Amino acid sequence: VQLQASGGGSVQAGASLRLSCAASGRSFSNFALAWFRQAPGKEREFVADIAWNGGNSYYNDNLKGRFTISRDNAKATVYLQMNRLKAEDTAVYYCAASLSGGSNEVNYPYWGQGTQVTVSS
């Protein structure tokens, strides 16, 4: 499956952004989808994932309440709604696909190219 992330940009603290990740190739609805992010000088970290049918989603505890993951299997797209953005949310955001899901990036063999989110305070 090929993944294409979009929707990043530069915003002020407190703003919202919605990231999208469009998939093509193998059956999208078979895969769990996730968002990870990597801030400058830091390791990539788990943001959220969502089951193949959208029934279950899990979040990085530090982001719960501000970020929401969702998916539309008919559009083969996964979204990340980010609210009340903070400067520390500045990172490259990646979408990823896996048959198993979870918070460990090694579970994800398919990755999008990343989209930059910059939050200024």
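Excluded from the calculations below are hydrogen atoms, water molecules and symmetry mates; all remaining heavy atoms, backbone and side chain alike, are included. It should be emphasised that the depicted structure is a prediction, and the values quoted were computed from it without experimental measurement.
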For Glu105, all residues meeting side-chain hydrogen bond (donor to acceptor under 3.5 Å, both in side chains), sequence neighbours excluded: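 Expected list: Arg44.
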
Go through the structure and list residues passing side-chain hydrogen bond (donor to acceptor under 3.5 Å, both in side chains) with Asn83, not counting sequence neighbours.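 Only Ser16, Gln81 meet the side-chain hydrogen bond (donor to acceptor under 3.5 Å, both in side chains) criterion with Asn83.
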
Shortest non-hydrogen contact from [X] to [Y]?
X: Asn107; Y: Gly101; answer: ND2-O, 3.1 Å
X: Ile69; Y: Val78; answer: CG1-CG2, 3.9 Å
X: Ser70; Y: Ile50; answer: CA-CD1, 3.7 Å
X: Arg66; Y: Arg84; answer: NH1-O, 3.0 Å

Applying a strict under-4.5 Å side-chain criterion to I, L, V, M, F, W and Y, I'd like to know whether Tyr94 and Leu17 cluster together.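 Each belongs to a different hydrophobic cluster.
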
Polar side-chain atom of Thr77 near backbone of Lys75 as donor-acceptor pair, under 3.5 Å: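 Answer holds: yes.
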
Is a donor on one side and an acceptor on the other found under 3.5 Å between the side chain of Asn53 and the backbone of Asn73?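 Checked: no pair found.
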
Side chains of Thr68 and Leu80, heavy atoms from C-beta outward: is any pair under 4.5 Å?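 Side chain of Thr68 against side chain of Leu80, heavy atoms only: no contact under 4.5 Å found.
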
Validation row: Leu19, Tyr93 side chains within 4.5 angstrom (heavy atoms):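 Yes, close enough: below the 4.5 Å cut-off.
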
Nearest-0.5 Å distance that lies between atom [atom1] in [X] and atom [atom2] in [Y]:
X: Gln4; Y: Ser20; atom1: CD; atom2: OG; result: 11.0 Å
X: Asp61; Y: Ser103; atom1: CG; atom2: OG; result: 10.0 Å
X: Ser57; Y: Arg71; atom1: OG; atom2: CZ; result: 11.0 Å
X: Leu33; Y: Ser98; atom1: CG; atom2: OG; result: 9.5 Å
X: Gln2; Y: Gln113; atom1: CD; atom2: CD; result: 12.0 Å

ring-ring contact (aromatic ring centres under 6.0 Å, His included) pairs, two or more places apart, involving residues 8-40: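 Listed by first then second residue: Phe31-Tyr110, Phe36-Phe46, Phe36-Tyr108, Phe36-Trp111.
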
Strictly by ring-ring contact (aromatic ring centres under 6.0 Å, His included), give each pair with a member in residues 54-81 just once, sequence neighbours left out.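 Every candidate ring-ring contact (aromatic ring centres under 6.0 Å, His included) pair involving residues 54-81 fails, so no pair, neighbours aside, qualifies.
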
Which residues pass the salt bridge (Lys or Arg N to Asp or Glu O under 4.0 Å) test with Arg37, sequence neighbours left out?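 Arg37: salt bridge (Lys or Arg N to Asp or Glu O under 4.0 Å) contacts with Glu45, Asp89.
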
For residues 114-121, run the donor-acceptor check on the side chains, cut-off 3.5 Å, and write out each pair with its distance to 0.1 Å, sequence neighbours left out.
from: Thr115; atom 1: OG1; to: Gly8; atom 2: N; distance (Å): 3.1
from: Gln116; atom 1: NE2; to: Ala91; atom 2: O; distance (Å): 3.4
from: Gln116; atom 1: NE2; to: Thr118; atom 2: OG1; distance (Å): 3.3
from: Ser120; atom 1: OG; to: Val11; atom 2: O; distance (Å): 3.3
from: Ser120; atom 1: OG; to: Gln12; atom 2: NE2; distance (Å): 3.3

